[in-house]
Structure formats: structure tokens, C-alpha cells
Amino acid sequence: MKSDLQEKVISILEKEIPEISQVKDKIKFEPPKEDKFGDFSLNAAFLLAKPLKDKPINIADKIKQILEKESIFEKVEVAGAGFVNLFLSPKFFEPVLKKAITEEMYGEIKDKNKGKVNIEFVSANPTGPLHLGHGRGAVVGNTLANLYSYSGYKVEKEFYINDAGNQIRMLGLSVYARFRQIDESDYPFPEEGYKGEYIKEIAQELYVKERDKILSMLDEDEAIEFMAEYAKNLLLEKIKEDLKLLNVEFDIWFSEKELYQTGKVQEAIEYLQGKGLIYEKDGALWLKTSQFGDDKDRVIKKSDGTYTYFAGDIAYHYDKLKRGYDFAVNIWGADHHGYFPRLKAALLALGAPENWLDVLFIQLVKLFKDGQEMKMSKREGKFITLRDLIEMVGKDPVIYFFLTKDSNTHLNFDIDLALKQSSDNPVFYVQYAYARINSVFREAKERFDIDINSINEADPTLLKEKPEKDLMKLIAIIPEELYKIAEKKQPHKITQITYDLASKFHYYYNNYKFLQKDDENLMRARLYLLRAVQNTLKTLFNIMGITPVERM
RNA sequence: GCGCCCGUAGCUCAAUUGGAUAGAGCACGUGACUACGGAUCACGAGGUUGCAGGUUCGACUCCUGCCGGGCGCGCCA
């Protein structure tokens, strides 16, 4: 709606001030911080100062005179050094409310023709349970994917399975050692092995189910490989279960191992060789990444003949590139940020457009309880897993808290706060708003026998109180805001929008009564507005994966 | 040493990406229920935006230099 209005205003102005076409793209049309500055404010006068060779304030006056004649505005004012503030008339909100009520996902663009996008996230090694950082990545990635889809993109969510490297071998060794320890308690455990309890559980399970098969194997290596494969598949299933707890599901599970088995690594290297970007030195193969912005060239095939992780990753992104996405987003742990220039260089070498891939980094999550940080030690295998946290505080707080802050800043997760059932806890606050509206609807049914779904229209000119206008204004701009945060890759901002809407509703609720028989038209108009608020909340919840609770 | 990220109220974070008097929540203080759910709301106090320059109508935002914190700099994955 913002853009419709924007275009309309610009075309009106263009008739009298043709110079406006020069600055068209820079014109901002935004709700100002304070209400006295109107519903929307226009910065055009500042931009026109140069081409018109006049002071912004004079130009603003001229704009005011032009726009004042339009009926969609109640009032037009000039303020500050040259802002033009526009006050909308109530009639303007009629189609907005209608849309917010009738659309299942309010504001979603149904034609997914903006482009095709791939978003790869979590991609945890299948060597153990998901930790908190993975959970944060999962929530951020999933929400971003939903925002893209909402905005009209075709989205594919992808999980890259690192099932080819040394860590899988180490997984096998770890399980094997625990297996042997069942009979021989002093059997040595590998120095770099996975020390978590889950390894013992897997070994125990194998001991019960597959003992004879393993003992009949010819050599240790065969047994280790068998165990690695067994453990990997089991852990991958657990990862899928954990993600499902957060409403996160993937479209594509891409195996690193298959890249090697199907010759795709070889293929990618040959392609780069054909472009003359690979050379041999010290018995290894190097890619000329320094030609594409990296600090130095990188090894892709080691002197012992095996490939580096980077080689697999090149082949992986070569494959992704050929699948025809307009752009791709990866979500990584922040400790990998040094790796980005290398991959970016490889993509350019492969012929990808500049900025085809963007990476969002996820910073550490720290847990707090009773005001104290809960220290975790991965080395000792002692840490709280994502699943532990979900079991402790529930799915919705986990999702919401992981989303509240920019993913590139550290997050302190306060367990006590997440469990609190009061306004201190933002998840409760927003869910309560939804439930509270439901309770109004129930009461309307009981007291006046009003079926809320039968209120399909209302006169918004009756809604002239300030909180009502604030709510309508916010509802009107929410779709645009969501498109914007998708473009800017700022999924965390959805929590701010949601909180804002809930907060405006709570204020409205506390200061006005909805169920009053003496003015039935007003009552119906207010209930109509509440329907719009509720469905907008539900749309926001759906994007995040949070449950709209009917009754708390 | 080099590179990336961060530095805003006592705490956790915002600031529509260069716009109007830097805003929220928590904590603190004061107040509001004959009631559609007080699981809420209102009011108050709290700031030299790490420091110093620069760019312009205008800087938390951009540029330069410093200070402090985190992370990364493998023929590991």
C-alpha cells in the first residue's frame, strides 16, 4: 500500500514539478517517529533543493499546496527544515482492514515470480547432537526463508551434510573405542574422539543389536567404517527430529560424500583447470583465489593425493550455481567468517555473478540461569544441547529468543526469563495478545451472541480514536516492512514488529471497551479491527514458526 | 602483525540504512481493576552514542586515526 500511495503522490507532483523525476528513487515516504508529524512524511523537498536551486522550506510549501487538494489526505503540513507531513483520512484504511482479515497470510505475495533463491543453513556435522548455535542458525535461516517466500520468491532450504571428512572417521573410532570398552574397560579412547554420552549409547545399542555381525568382521577398519556409517545415520535422524521441534524442515539434504562418488569434485576442478586457474606446487594443486580477492592461493588437492574440504565445497557451490538460483544465502557460525573470502573467490572463479552468495554469521549463544552463566565444555562432552533447551523452556520461547537479536551479535539466553509467564517475557507478551483477542471474541458470543466471523465489513471512519488509528496504520505497513527485512536479510526484526503490534493492542485493550451494546455499529467496527489485528499476529507467528495460542 | 565483527541509559538491545527532541524492554520509583483475562496499562527518573578529528543543510550512521572486547588467519573440517 505504501508503494501504491507513493506512486500516486509522485505522479501528482510530477505534473507541476517535473524535476522530481530526477530524484524519484531517493524519495522516502515513511511513518515518522512522532504522531504530530503525520502518518507519513516526505523528504522530497531536500532532494529537490539542488535541481531547483531553492531552499528546501520553499519547495516544501509548494508541495503542500499541490497535495492539499487531494481527498485522501486530511491534512498536509510543512515542518522542520522542509519535511512535508501527510495525514491520511480514515477512508484510506477500508481496503487495508479487509485485506488483513480475508487473506490467510496477510500481505503474502502469492505469485512466486520474484526469483529463485537457495538458503543453506544448519549444515551441522552428523557427529553429535545439535547445539545452541545450530538452533539459532536454524531459526534465523528458517525465518529468512519464510520471509523470502512471503515476499514472492521461490525458496529452497538446504542442509549440507559433511559426511566425507576425517570427522566421520573419528566418529567411527569413537564408537569403536566405546564398544570395545564394554568388555575391556581400559581400552584406549582416541585423543580427539567425541566424548559425549551419546557415543556410549550408540556403542551400547550396537553391542546389543549387532555384536555378532561386528565380531565376524575381518578387520578393525571394516568395523570402524560400519560403526561410522551406523552412527552417522542415527545422528542425522536425531538432527532431523530436533529441527522438527522448531518447525524447521528442509527441501534438500545434500551429501558431501556423493560429490566425490559422482565425480563432481573432479568435474569442478577440471572446469577450473580449463580456465587456467589451477596450478601445481610442492606436489599439491592450488586454486588462484588471490586473483579474486583472497589473501593467497589455496590448496584444493593435498600432496598426499586427497582433497581438501575446500575442494568439496567448490564442487558443492558449482553444483548449486548450475541449479539456476538467482542468488543464494548461507548461514554459518561466526567462527567461519575467515573462510568467506576464499569461497567468494572460488565462486567468482566458477563464473558466478558478483554477490551471488551472501553469508549471514551466527554468533555465540550463552545460557544464563539465576543470573549466572552456565559454562559448557565441549571437550569434556558436557554441554546443554538444543533439545535440552527446548525441553526446559518450550519451543516458542526458543524460537523467539533466538530471533530477537541481530544474528551477528552475541546472544544471552536467560532461562528464567523464558520460563516467566508475564510481560517481562516477550514471547508471552505477544502470545497473550493473540489469546486475549480470542477471549474478547468468546465473550462477544456469550454476551451478545455475535459470531465474530459474520462481521465482514465495518465503517473505519467510526474508528477515530488514536490507538485505533495507530493499529490501522501499523497493519497497513506491516507487509511492506516484511518485504524490506527480507531484502535486507534482517529476520530478527520480525520480533520487533510483532512486539510493536502486540503492545499497541494491549494499550488499546486497557483504555477502551469493545463490547458495548449502546453503540452497536461502533462495537462491530472495533471487533472488525480486532479481527485484523489477530490475523496479522497469526501471519507473523507463522513466519517465525510460533504457535498462535487460542487460550493460555 | 594482518583481516572481519562489536562498542549507544545500571543491564539486554533499537534507531526506518544520512533525517526532526537518540528510542524500547528489564531493574528502580509512583499510580490504574464495580472490568472484554491486572499474564495488562500509564507516568517518572536514567545519555558528552568508547575517544579525537573530518565530510554537509543535517552524523549513532559515512571517512581517517587511536582505545577497549570478541573471532579468524592450516596441504584441518
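Bear in mind the structure is a predicted one, so any value in this text is a computation, not a measurement.
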Original post:
Once you round it to whole Å, what is the distance between P of B:A77 and CG of A:Leu171?
Top reply: 16 Å
Subject >> Check: A:Asn330/A:His317 side-chain N/O donor and acceptor closer than 3.5 Å >> reply: yes
Subject >> Syn/anti state for B:U61 [syn: chi within 90° of 0] >> reply: anti
Subject >> B:C36 OP1/OP2 closer than 4.0 Å to side-chain N/O of A:Arg447 >> reply: yes
Original post:
Taking CG from A:Asn510 and C1' from B:A32, how many angstroms apart are they, rounded to a whole number?
Top reply: 9 Å
Original post:
How far apart are the C-alpha atoms of A:Tyr160 and A:Trp253, what are their side-chain angles, what is the distance that settles it, and do they pass the ring-ring contact (aromatic ring centres under 6.0 Å, His included) test?
Top reply: CA-CA 6 Å; A:Tyr160 184 50; A:Trp253 294 80; over 10 Å; no
Subject >> A:Phe83 ring over B:A20 six-membered base ring, under 5.5 Å and 30° >> reply: yes
Original post:
Could one point to a donor on the side chain of A:His336 or the base of B:G72 with an acceptor on the other under 3.5 Å away?
Top reply: no
Subject >> Among B:G3, B:C36, B:C75, the one nearest A:Lys513 by side-chain distance >> reply: B:C36
Subject >> Options B:A77, B:G72, B:C75, nucleotide nearest the side-chain atoms of A:Asn166 >> reply: B:A77
**OP:** Would you mind reading off the distance between A:Asp470 atom CG and B:A24 atom P, rounded to a whole angstrom?
**Re:** 13 Å
Subject >> ring-ring contact (aromatic ring centres under 6.0 Å, His included) assessment of A:Phe254 paired with A:Phe159 >> reply: CA-CA 6 Å; A:Phe254 198 103; A:Phe159 187 115; over 10 Å; no
Subject >> Base B:A77 paired with A:Asp335 side chain (donor-acceptor, <3.5 Å) >> reply: no
Original post:
Rounded to whole angstroms, how far apart are CZ on A:Arg169 and P on B:C76?
Top reply: 17 Å
**OP:** Assign A:Lys301 to base, sugar-phosphate, or nothing according to its heavy-atom contacts below 4.0 angstrom with the strands shown.
**Re:** nothing
Original post:
If you draw a 6.0 Å radius around NZ in A:Lys288, do more than 12 non-hydrogen atoms from other residues or ligands fall strictly inside?
Top reply: yes
Original post:
Any luck finding a side-chain donor-acceptor pair between A:Gln273 and A:Tyr279 under 3.5 Å?
Top reply: no
Original post:
Looking across every strand, which nucleic acid part, if any, lies under 4.0 Å from A:Ser41 by heavy atom: base, sugar-phosphate, or nothing?
Top reply: base
Subject >> Pair A:Asn85, A:Glu77: side-chain N/O donor-acceptor within cut-off below 3.5 Å >> reply: no
Original post:
Any side-chain N or O of A:Lys302 under 4.0 Å from OP1/OP2 of B:C76?
Top reply: yes
Original post:
Taking atom CZ of A:Phe310 and atom CZ of A:Arg298, what is their separation to the nearest 0.5 Å?
Top reply: 7.5 Å
Subject >> Involving RNA chain B, stems made of at least three consecutive Watson-Crick or G-U pairs, both distances under 3.5 Å >> reply: B:1-7 with B:67-73, B:10-13 with B:23-26, B:28-32 with B:40-44, B:50-54 with B:62-66
Original post:
Which part of the nucleic acid, if any, lies within contact of A:Tyr499, taking any heavy atom under 4.0 Å across all strands shown: a base, the sugar-phosphate backbone alone, or nothing?
Top reply: sugar-phosphate
Original post:
Does NZ or CZ of A:Lys344 lie under 6.0 Å from the centre of the six-membered ring of A:Phe340, at an angle within 45° of the ring axis?
Top reply: yes
Original post:
What does A:Asp295 touch in the nucleic acid at a heavy-atom separation under 4.0 angstrom: a base, only the sugar-phosphate, or nothing?
Top reply: nothing
**OP:** Start with the C-alpha distance between A:Val265 and A:Tyr316, add both sets of side-chain angles, then the distance that settles side chain to side chain contact (heavy atoms under 4.5 Å, CB included), and finish with yes or no.
**Re:** CA-CA 8 Å; A:Val265 175; A:Tyr316 173 47; over 6 Å; no
Subject >> Atom-pair distance (CZ on A:Arg342; P on B:C2), nearest Å >> reply: 20 Å
**OP:** For A:Asn85, answer base if it contacts any base atom (sugar-phosphate contacts may also be present), sugar-phosphate if it contacts only those atoms, and nothing otherwise; contact means non-hydrogen atoms under 4.0 Å.
**Re:** base
Original post:
Looking only at N and O atoms, is any donor in the side chain of A:Ser303 or the base of B:C75 less than 3.5 Å from an acceptor on the other one?
Top reply: yes
Extract from the structure each pairing of a protein N or O with an N or O of nucleotides 8-12 of chain B at less than 3.5 Å, listing the distance.
from, atom 1, to, atom 2, distance (Å)
B:U12, O2', A:Lys405, NZ, 2.5

Subject >> Proximal nucleotide (of B:C5, B:A77, B:C41) relative to the A:Tyr309 side chain >> reply: B:A77
Subject >> Interatomic distance, A:Lys493 NZ vs B:A14 P [rounded to whole Å] >> reply: 8 Å
**OP:** Quickly work out the A:Gln363 CD to B:C5 C1' distance and round it to whole Å.
**Re:** 6 Å
**OP:** Examine B:C41: is either OP1 or OP2 under 4.0 Å from a nitrogen or oxygen in the side chain of A:Tyr512? Give yes or no.
**Re:** no
